[in-house]
Asker: 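Dropping the structure in here first, questions after.
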Amino acid sequence: MNKKRDVKQGAQQLRCPSCGAATDASDSFCRECGRTLASDAKTNGGVSGLKGLRAFGLAVIALAAIYAILQYGGRTSGNQEQPSRPIPIADVGGGAAAAPQPVTPRMTADQLFNDAMTAYEGGDSAGAAMFLPLAITAYEQLAQLDLDGRYHLALLHLAVNQPEAALADAEIMLDEVQNHLLGLTAAARAHDVLGHEDQAAQYFQLFLDAYTPDAAASRPEYIDHGRGLPARRELARAYLQERGLLPDGS
């Protein structure tokens, strides 16, 4: 009798894992909520697979944490792909991909120059107003400027209607390299904006005298501005012709 009572009490202790209602071992469905009853349901609403589910959940969390470390922690292993970096404009279409290089202040200044002049020459006044001051500040904060960077700064100063500053940049270039083509054209344009037509004409004439195909390919900064130099040559010729200082067709 006691044995039967113990069996009966054990059966009554089986619970639905969903609603907690008492079930019999022979029940396939909960009589209260209709849930399918697993054969391994335990007493007091427990489920034998609970530990397994918890272990699975912890494993998922651990994998997510490892992924976050690999993705954002700044370290890679094996053939793990390095995080992408912005591609400098000068490298686009340059052939074989080069290893990513750290972004330097000069690279930042050059990128701002490209953005500023693209906006300025494209008539994007909002973009020009935003990028021009940033680009000027970026170049002025560099510890040292080469001739190419100095020419960029002169063009930026002209774009923001600061011809005195542009002329100062041009004179620094010409002090370093006499008859530097970019320095001559920058000085001529600065003098023209200042209303000094005689000086502008003088620098444009010096530019034409120094300009030859060989000269236009003799320095790295000339090559970088290879498309601009022929346009500057035509500007110089037109400027002098308009003032009767250069015969037509010469």
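Source: prediction; values computed, not measured.
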Asker: Just by distance, no angles: are the side chains of H157 and E164 close enough, under 3.5 Å, to form a donor-acceptor pair?
Answerer: no
Asker: What's the shortest heavy-atom distance between A116 and A135, and which atoms?
Answerer: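 Scanning both residues, the minimum pair turns out to be CB-CB, 4.3 Å.
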Asker: Please walk me through it: do V103 and Q111 pass side chain to side chain contact (heavy atoms under 4.5 Å, CB included)?
Answerer: CA-CA 11 Å; V103 177; Q111 182 62 62; over 6 Å; no
Asker: Compute whether any side-chain donor of one residue and acceptor of the other, for Q202 and D198, lie under 3.5 angstrom apart.
Answerer: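 Note: Q202 and D198 side chains miss the donor-acceptor criterion.
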Asker: Which heavy atom in D192 sits nearest to a heavy atom in A200, and how many Å separate them?
Answerer: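 That closest heavy-atom pairing would be N-CB, 3.7 Å.
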Asker: Given the rule that I, L, V, M, F, W and Y join up when any side-chain heavy atoms are under 4.5 Å apart, are L112 and V160 in one cluster?
Answerer: no
Asker: So, Y139 and D110: side-chain donor and acceptor under 3.5 Å apart, yes or no?
Answerer: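 Per modelled atom types, Y139 and D110 side chains form a pair under 3.5 Å.
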Asker: Please report the closest heavy-atom contact between N179 and A210, naming both atoms and the distance.
Answerer: O-CB, 4.2 Å
Asker: Which label fits H152 and F113: parallel for a plane angle under 30°, tilted from 30 to 60°, or perpendicular past 60°?
Answerer: parallel
Asker: So that I know where these two stand, are H180 and Y222 an aromatic pair - ring centroids less than 6.0 Å apart?
Answerer: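 Yes; Y222 has its ring centre under 6.0 Å from that of H180.
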Asker: Side-chain heavy atoms under 4.5 angstrom apart, residues restricted to Ile, Leu, Val, Met, Phe, Trp, Tyr: same cluster for L208 and F204?
Answerer: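 Yes, because L208 and F204 connect within a single hydrophobic cluster, where side-chain heavy atoms sit under 4.5 Å apart.
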Asker: Taking the basic N atoms (NZ, or NE/NH1/NH2) and the acidic carboxylate oxygens, is any pair closer than 4.0 Å for D146 and R106?
Answerer: yes
Asker: Please check if atom OH in Y239 has more than 12 non-hydrogen atoms from other residues, nucleotides or ligands closer than 6.0 Å.
Answerer: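 Yes, because the 6.0 Å sphere around OH of Y239 holds more than 12 heavy atoms from other groups.
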Asker: Which heavy-atom pair separates P163 from L158 by the least distance, and what is that distance?
Answerer: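 Minimum heavy-atom contact is CA-CD2, 4.4 Å.
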Asker: Is there a side chain to side chain contact (heavy atoms under 4.5 Å, CB included) between F207 and L181 once you walk through the steps?
Answerer: CA-CA 6 Å; F207 173 82; L181 291 176; 3.9 Å; yes
Asker: Give a yes or no on whether L155 and L147 share a hydrophobic cluster (residues Ile, Leu, Val, Met, Phe, Trp, Tyr; joining criterion: side-chain heavy atoms under 4.5 Å apart).
Answerer: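 Per the 4.5 Å side-chain linkage, L155 and L147 are co-clustered.
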Asker: Count I, L, V, M, F, W, Y as connected when their side-chain heavy atoms are under 4.5 Å apart, and connections chain through other members. Are M117 and L229 then in the same cluster?
Answerer: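 Same cluster: M117 reaches L229 through Ile, Leu, Val, Met, Phe, Trp or Tyr contacts under 4.5 Å.
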Asker: Same cluster or not: L167 versus I136, using hydrophobic residues (I, L, V, M, F, W, Y) connected whenever any side-chain heavy atoms lie under 4.5 Å apart?
Answerer: no
